[in-house]
Amino acid sequence: TGQAETYAFFNLLKEVIWERNLLSELGFPQQEPTTCYSDNDGVVIQSTKVVNHASAKHYRTAQAFIRQVCADGIAKATPTYFPEFIRYWH
């Protein structure tokens, strides 16, 4: 479901932040956002836009966290499908 995908991406971003902080402490600060792939369009969309559905009230905190991390340039939500490859294989 979209909710499960949101929570999975939320947990992925927490790990990304931890790993980026570790790399920084070891002397390897990351200058570019970490690319995080998702096969769920809803997660990618909510990384840049506010998605307000009545049924989404209970996990808006996770959605807001995803948007903020992406807006801060820590991570970049990217869909796993690549249209140029799909055209090539069809």
Shortest non-hydrogen contact between Arg20 and Glu32, atoms and distance: NH1-O, 2.9 Å

Atom pair OG1/CG of Thr80 and Asp41 - distance to nearest 0.5 Å: 8.5 Å

Donor-acceptor contact present, side-chain Gln30 to main-chain Phe28, <3.5 Å: yes

ILVMFWY clustering at 4.5 Å (side-chain atoms), partners of Ile74: Phe9, Phe10, Leu12, Leu13, Val16, Ile17, Val43, Phe65, Ile66, Val69

Results of side chain to side chain donor-acceptor pair (under 3.5 Å) for Asn21 - residues two or more places apart only: none

Non-hydrogen atoms of Cys36 and Ala75 that approach each other most closely: SG-CB, 4.1 Å

Polar contact flag, side-chain donor to acceptor under 3.5 angstrom, Glu15-Asn11: no

Considering all heavy atoms, the nearest Ser38-Glu5 contact: OG-OE1, 4.4 Å

